[in-house]
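Residue numbers start at 1 and run along the sequence shown.
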Amino acid sequence: MAEELSPVVVGVDGSDPSRVALRWAAEEAVRRGRPLRIMHALEPWGEVPFYPVPMMTEILQQAGGAILEQAIGEVRGWEPGLPVTTALVAEPASVALRRQAEEAYEVVVGHRGRGGFASLLLGSVSLHTAGYADAPVVVVRDGDRPVRRRIVVGIDLSEHAATALRYAFDAAVVREASLRVIYAWCPPEGPYAVMEVGELAQVAHREAHDIVAPWRDRYPQVAVAEDCPRDHPVKALVAASADADLIVVAARGHTGLRLGSVSHGLIHHARCPVAVVPSGAKGEAG
């Protein structure tokens with residue numbers, strides 16, 4: 001019996017941003033040859049004396065079911081042959097997405113929404129999910145964007161670079177896109193300035209090249225450009241996001257909140273979807 005493929009999971013709430021995320025997730029599932037799971041979270045009301053709680057629960061379930069049915073209909077219009085399942089979950093959206101991530105290939109959310117997905121730009125659901133989920137989390141921004149066929153990946157010189165590079169190269173393969181690898185660096189100042197800036201630039205280029213080299217060999221079909229700007233990583237990557245279909249960074253920890261300052265800044269400011277990839281996440285093409 002063939003192994004069941006883990007799905008692309010997307011959180012929806014009926015808002016315009018979640019519809020953008022839904023379409024991105026459907027296209028991603030087709031690219032990856034994976035099923036799509038659409039999830040809606042019913043935020044618990046708890047025991048509130050001013051509301052007839054059983055009746056409110058039923059109303060919320062009906063509304064949530066309608067949101068999922070509408071989402072299924074839209075996906076069938078976009079991608080008729082895509083296998084789709086749904087999940088209506090009675091728990092906070094951030095908790096539900098984190099739980100769904102345990103069995104997901106990746107999780108997709110809009111950058112803001114309403115109800116359980118409100119204020120994503122300000123850091124509630126998307127930041128929590130990206131910071132704690134065991135699967136890659138893609139935060140999708142509003143608006144139509146022309147396809148550039150370019151993936152950008154930000155790396156540092158730690159062991160986390162391999163996590164981001166594997167996902168980014170796979171993303172380039174399934175999109176038939178080029179890959180731009182960015183290692184941004186800032187020279188130390190004051191008593192720590194023990195090397196000339198020119199020397200540091202040479203070291204940066206050499207280190208980045210050595211990190212990327214094994215992945216070039218593994219993915220010879222991907223056109224790769226390496227860029228080592230003298231800049232803050234968030235600033236450099238946000239600028240690169242203007243001309244990219246996807247920007248990829250690694251989560252920076254193994255336990256607890258994994259979201260580092262770079263991924264946090266990108267979720268707030270990048271102009272294209274951002275994929276935050278935890279160590280050990282699934283990442284093979286197909």
Side-chain angles (χ1 to χ4, degrees), residues 4-15 17-18 20-22 24-26 28-29 32 34-46 60-61 64 67-68 71 84-141 160 163-164 166-167 246-268 270 273-283:
E4 184 176 351
L5 292 173
S6 53
V8 173
V9 172
V10 58
V12 299
D13 65 1
S15 67
S18 82
V20 174
L22 175 66
W24 194 96
E28 175 77 347
R32 299 283 185 175
R34 292 179 178 274
L36 179 69
R37 181 179 299 162
I38 308 171
M39 192 213 76
H40 176 72
L42 301 174
E43 294 286 339
W45 282 76
L60 289 175
Q61 289 176 338
I67 287 173
L68 290 176
V84 181
T85 59
T86 61
L88 185 63
V89 184
E91 58 186 349
S94 57
V95 175
L97 286 167
R98 184 178 176 183
R99 197 184 306 278
Q100 290 286 328
E102 295 174 1
E103 299 178 356
Y105 176 80
E106 64 188 0
V107 175
V108 181
V109 292
H111 80 282
R112 59 186 174 85
R114 68 182 180 217
F117 291 87
S119 302
L120 286 183
L121 183 61
L122 300 179
S124 60
V125 177
S126 63
L127 293 180
H128 181 99
T129 306
Y132 289 99
D134 291 329
V137 176
V138 182
V139 182
V140 180
R141 305 191 70 80
H160 301 289
T163 295
R166 180 181 65 178
Y167 183 94
L246 178 70
I247 193 160
V248 181
V249 288
R252 284 301 309 266
H254 299 284
T255 59
L257 181 64
R258 302 171 180 148
L259 205 61
S261 60
V262 173
S263 48
H264 187 283
L266 282 174
I267 287 174
H268 281 275
V274 177
V276 180
V277 188
S279 296
K282 305 175 184 71

Tell me the closest heavy-atom pair linking Val9 and Ala104, and the distance in Å.
CG2-CB, 3.6 Å

If I compare all heavy atoms of Arg141 with all of His111, which pair ends up nearest, and what's the gap?
CA-ND1, 3.6 Å

Provide the closest heavy-atom pair for Ala25 versus Val10 in the form atom of the first, atom of the second, distance.
CB-CB, 3.6 Å

Shortest non-hydrogen pair, Val248 vs Ala164, comes out as CG1-O, 3.7 Å

Please list, chain by chain and in numerical order, all residues satisfying side chain to side chain contact (heavy atoms under 4.5 Å, CB included) with Pro273, sequence neighbours excluded.
Trp24, Val138, Val140, Leu246

Under 3.5 Å, side chain of Thr163 to main-chain N/O of Val277, donor-acceptor pair present?
no

All side chain to side chain contact (heavy atoms under 4.5 Å, CB included) counterparts of Ala96, not counting sequence neighbours
Met39, Ala41, Val89, Glu91

Nearest non-hydrogen partners of Gly110 and Ala21, listed with the distance
N-CB, 3.5 Å

Any side-chain to backbone donor/acceptor pair from His40 onto Leu88? Under 3.5 Å, distance only.
no

Decide yes or no for Leu5 and Pro35: does some side-chain heavy atom of the first lie under 4.5 Å from some side-chain heavy atom of the second?
yes

In short, Leu42 meets Gly64 closest at the heavy-atom pair CD2-CA, 4.3 Å

List in chain and number order the residues that pass side-chain hydrogen bond (donor to acceptor under 3.5 Å, both in side chains) with Glu28, two or more places apart in sequence or in another chain; answer none if no residue qualifies.
Arg31, Arg32, Arg175

dist Ile267:CD1 -> Ile247:CD1 (nearest 0.5 Å) comes out at 11.5 Å

For the atom pair CG (Leu60) and CD1 (Ile67), what is the distance rounded to the nearest 0.5 Å?
9.5 Å

